[in-house]
Amino acid sequence: MKQITLLVALATLFIPRLSSAQDIRSGEDLLRAMHDRYTKTWYDTVTFTQKSTTYNPDGTTKVETWYEALWAPGRLRIDIGAPAESNGPLLIDGKLTVFKAGKQTGERPYVNMLLVLGFDVYKQAPETTAQVARSEGYDLSKIHEDTWEGQPVYVVGAEKGDLKTKQFWVEKDRLLFVRIFEVGRQDPTKIQDVRFEDYREVKGGWLSEKVAVINEGKQVFGEEYSDIQINPKLNPAVFDPAQYGTVRWEK
């Protein structure tokens with residue numbers, strides 16, 4: 001009788017995990033699972049220094065230092081070069097505003113899916129993330145399993161073997177975004193492969209400390225993060241376009 005009770009108890013432990021796996025039958029299910037796994041613990045803000053490397057077709061490289069502040073969901077500020085020069089983009093809730101020497105030089109709608117799937121997904125309603133993904137052309141009804149870097153992943157947006165359609169990949173065990181295929185910024189007829197690499201566990205969640213952008217099998221851009229601060233207290237004015245040239249987060 002004791003043995004039967006023990007077997008029942010052990011079986012019960014595995015039921016939630018099996019049910020969870022069976023429930024992920026669409027992109028919506030996956031986004032909901034990602035949100036539910038981390039929403040109570042994932043960090044709200046993060047800042048870091050970014051080494052940005054552009055790999056030119058002639059074999060040369062260009063290296064810049066960027067300073068980034070993120071407040072999920074939906075807010076990202078990038079200062080390119082010395083922060084005092086106030087050059088860079090500000091992304092707020094699907095709108096991109098560009099500054100040069102603290103002055104606004106451009107504004108347009110723009111959704112950064114790396115921000116949405118790498119950070120916002122854990123801090124906003126799953127329905128909101130799903131709506132954004134669909135509006136950007138990702139077919140959430142298509143999902144299959146594959147392997148990436150030796151780990152099982154979910155692939156949303158394309159059939160198995162199709163690497164020409166917009167899609168995103170999420171690690172199955174940790175439910176972390178690891179790869180996306182987007183339309184190329186320079187040439188919309190080509191698909192750009194962006195990879196989140198070198199995940200490190202941080203307070204409340206995870207952070208990919210390297211990003212690689214691949215075009216036609218060759219890396220064209222890379223990001224490496226340092227001076228990472230998790231949940232720093234940020235002044236909301238840092239993300240206010242009207243105060244971009246006068247308010248900064250860097251010490």
Side-chain angles (χ1 to χ4, degrees), residues 17 20-39 42 46 70 72-74 76 110-124 126-185 187-202 205-225:
R17 180 172 292 183
S20 176
Q22 292 170 350
D23 288 342
I24 298 180
R25 300 175 181 177
S26 68
E28 288 95 336
D29 292 339
L30 178 57
L31 295 173
R32 185 175 298 108
M34 294 170 71
H35 170 271
D36 292 350
R37 170 76 66 86
Y38 294 108
T39 187
W42 198 271
V46 59
L70 182 151
L76 175 66
Y110 177 75
V111 174
N112 184 333
M113 288 302 294
L114 303 182
L115 177 62
V116 172
L117 295 172
F119 303 93
D120 291 352
V121 63
Y122 305 111
K123 302 301 295 183
Q124 66 186 9
E127 295 78 11
T128 299
T129 305
Q131 181 180 2
V132 172
R134 281 193 295 266
S135 70
E136 289 298 299
Y138 294 87
D139 186 347
L140 300 185
S141 69
K142 294 181 179 179
I143 187 169
H144 67 270
E145 295 187 24
D146 209 315
T147 302
W148 176 246
E149 300 294 341
Q151 298 297 323
V153 294
Y154 293 108
V155 180
V156 176
E159 303 291 347
K160 194 174 184 67
D162 175 8
L163 300 180
K164 300 297 184 180
T165 302
K166 296 179 77 170
Q167 59 194 271
F168 60 88
W169 298 34
V170 174
E171 188 180 299
K172 186 175 181 179
D173 294 333
R174 295 182 297 181
L175 294 180
L176 299 175
F177 162 72
V178 292
R179 195 180 190 191
I180 193 169
F181 289 77
E182 297 184 306
V183 174
R185 296 180 184 179
D187 185 348
T189 66
K190 296 180 180 180
I191 294 294
Q192 184 170 265
D193 176 4
V194 185
R195 305 166 182 179
F196 268 31
E197 304 173 338
D198 196 17
Y199 265 103
R200 302 294 177 89
E201 190 169 11
V202 297
W206 297 81
L207 180 68
S208 165
E209 297 187 1
K210 292 183 179 180
V211 177
V213 180
I214 312 296
N215 277 343
E216 298 186 324
K218 295 182 179 180
Q219 185 169 356
V220 296
F221 189 72
E223 303 176 3
E224 298 178 56
Y225 304 158

Asks: Taking all heavy atoms of Ala158 and all of Gln167, pick out the closest pair and write down the distance.
Replies: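 Smallest interatomic distance, heavy atoms only, reads CB-NE2, 3.5 Å.
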Asks: For Glu216, check side-chain contact (heavy atoms from CB on, under 4.5 Å) against everything at least two apart and list the hits.
Replies: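 Only Lys190 meet the side-chain contact (heavy atoms from CB on, under 4.5 Å) criterion with Glu216.
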Asks: Glu223 versus Phe196: any side-chain heavy-atom pair under 4.5 Å?
Replies: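 With C-beta onward as the side chain, the pair stays apart.
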Asks: CE of Met113 to OG1 of Thr129: how many Å apart, nearest 0.5 Å?
Replies: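 Those atoms lie 8.5 Å apart.
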Asks: How close do Ala33 and Ile24 get, counting heavy atoms only, and between which atoms?
Replies: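 Here Ala33 and Ile24 meet closest at CB-CD1, 3.9 Å.
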Asks: Looking only at non-hydrogen atoms, find the nearest pair between Ala212 and Gln219 and report the distance.
Replies: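 Closest heavy-atom pair between Ala212 and Gln219: CB-NE2, 3.9 Å.
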Asks: Which residues pass the salt bridge (Lys or Arg N to Asp or Glu O under 4.0 Å) test with Arg37, not counting sequence neighbours?
Replies: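 Residues passing salt bridge (Lys or Arg N to Asp or Glu O under 4.0 Å) with Arg37: none at all.
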Asks: Applying side-chain contact (heavy atoms from CB on, under 4.5 Å), run through Arg200 and Leu207 and close with a yes or a no.
Replies: CA-CA 5 Å; Arg200 302 294 177 89; Leu207 180 68; 5.6 Å; no
Asks: Check each of Ile214, Asn215, Val213 against Phe221 using the side-chain contact (heavy atoms from CB on, under 4.5 Å) test, and report the only one that passes.
Replies: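 Among the candidates, only Val213 passes.
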Asks: Which pair of non-hydrogen atoms, one from Asp29 and one from Arg25, has the smallest distance, and what is that distance?
Replies: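 Result for this residue pair: OD2-N, 3.0 Å.
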Asks: Decide yes or no for Val155 and Trp148: does some side-chain heavy atom of the first lie under 4.5 Å from some side-chain heavy atom of the second?
Replies: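 Not touching, per the 4.5 Å side-chain cut-off.
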Asks: Does Tyr199 have any side chain to side chain donor-acceptor pair (under 3.5 Å) partners at least two apart in sequence or in another chain, and if so, which?
Replies: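 For Tyr199, no residue satisfies side chain to side chain donor-acceptor pair (under 3.5 Å) once neighbours in sequence are set aside.
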Asks: Quick check: closest heavy atoms across Val132 and Ser135, and the distance to 0.1 Å?
Replies: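 In this case the closest contact between Val132 and Ser135 is O-OG, 2.7 Å.
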Asks: Using the test side-chain contact (heavy atoms from CB on, under 4.5 Å), find all partners of Lys218 that sit at least two apart in sequence or belong to another chain.
Replies: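 By the side-chain contact (heavy atoms from CB on, under 4.5 Å) rule, Lys218 matches no residue at all.
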Asks: Can you check whether Trp206 reaches Glu201 side chain to side chain, under 4.5 Å on heavy atoms?
Replies: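 Trp206 reaches Glu201 side chain to side chain.
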Asks: So do Leu163 and Ile191 actually touch side chain to side chain, heavy atoms under 4.5 Å?
Replies: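 The answer is no, as the side chains (C-beta and beyond) never meet within the 4.5 Å cut-off.
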Asks: Test of understanding: with side chain to side chain donor-acceptor pair (under 3.5 Å), list the residues that count as partners of Asp193, not counting sequence neighbours.
Replies: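 Applying side chain to side chain donor-acceptor pair (under 3.5 Å) to Asp193 gives Arg179, Arg195.
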Asks: Find the distance between CG (Asp139) and NZ (Lys166) and round it off to the nearest 0.5 Å.
Replies: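 If we round to the nearest 0.5 Å, Asp139:CG and Lys166:NZ are 11.5 Å apart.
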Asks: Are more than 12 heavy atoms, taken from residues, nucleotides or ligands other than Lys210, located less than 6.0 Å from that residue's NZ atom?
Replies: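 Open.
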Asks: Considering residues at least two apart in sequence or located in another chain, which fulfil the side-chain contact (heavy atoms from CB on, under 4.5 Å) criterion with Val156?
Replies: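 Here the qualifying residues are Leu30, Leu140, Ile143, Phe168.
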Asks: Among all residues two or more places apart in sequence or in another chain, which pass the salt bridge (Lys or Arg N to Asp or Glu O under 4.0 Å) test with Lys160?
Replies: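 For Lys160, the residues satisfying salt bridge (Lys or Arg N to Asp or Glu O under 4.0 Å) (neighbours in sequence not counted) are Asp146.
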Asks: Quick check: do His144 and Glu159 have side-chain heavy atoms less than 4.5 Å from each other?
Replies: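 Answer no - side chains too far apart.
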Asks: What residues form a ring pair (Phe, Tyr, Trp, His ring centres under 6.0 Å) with Tyr122, not counting sequence neighbours?
Replies: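 Counting only residues at least two positions away or on another chain, Tyr122 forms a ring pair (Phe, Tyr, Trp, His ring centres under 6.0 Å) with Tyr38, Trp42.
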Asks: Can you find a heavy atom in the side chain of Tyr225 that is under 4.5 Å from one in the side chain of Val211?
Replies: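 A side-chain contact under 4.5 Å exists here.
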Asks: Minimum heavy-atom separation for Asp173 to Pro152, with atom names?
Replies: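 Taking Asp173 first and Pro152 second, the nearest heavy atoms are OD2-CG, 4.2 Å.
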Asks: Which residues pass the side chain to side chain donor-acceptor pair (under 3.5 Å) test with Arg134, sequence neighbours left out?
Replies: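 Partners of Arg134 by the side chain to side chain donor-acceptor pair (under 3.5 Å) criterion, ordered by chain and then number, come out as Glu28.
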Asks: Applying side chain to side chain donor-acceptor pair (under 3.5 Å), can you list everything that pairs with Thr165, at least two apart in sequence or on another chain?
Replies: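 Side chain to side chain donor-acceptor pair (under 3.5 Å) check on Thr165 returns Asp162.
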Asks: Just to verify, what does Asp36 make a side-chain contact (heavy atoms from CB on, under 4.5 Å) with, not counting sequence neighbours?
Replies: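 side-chain contact (heavy atoms from CB on, under 4.5 Å) check on Asp36 returns Arg32.
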Asks: Using a 4.5 Å cut-off on heavy atoms from C-beta on, say whether the side chain of Leu31 contacts that of Val170.
Replies: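 No - every pair of side-chain heavy atoms lies 4.5 Å or more apart.
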Asks: Within this structure, what is the NE2-NZ distance for the pair His35 and Lys123, rounded to the nearest 0.5 Å?
Replies: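 NZ of Lys123 is found 8.0 Å from NE2 of His35.
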Asks: Under the salt bridge (Lys or Arg N to Asp or Glu O under 4.0 Å) rule, collect the residues that match up with Glu171, sequence neighbours excluded.
Replies: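 Expected list: Arg174.
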Asks: Does the Ser208 side chain pair with the main chain of Glu197, one donor and one acceptor, at a distance under 3.5 Å?
Replies: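 Yes, Ser208 side chain to Glu197 backbone: donor-acceptor pair under 3.5 Å.
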Asks: Any heavy-atom pair between the side chains of Leu114 and Phe177 that's under 4.5 Å?
Replies: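 The answer is yes, as the side chains (C-beta and beyond) meet within the 4.5 Å cut-off.
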Asks: When rounded to the nearest 0.5 angstrom, what is the spacing between CD in Glu136 and CD in Glu182?
Replies: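 So the CD of Glu136 and the CD of Glu182 are separated by 8.5 Å.
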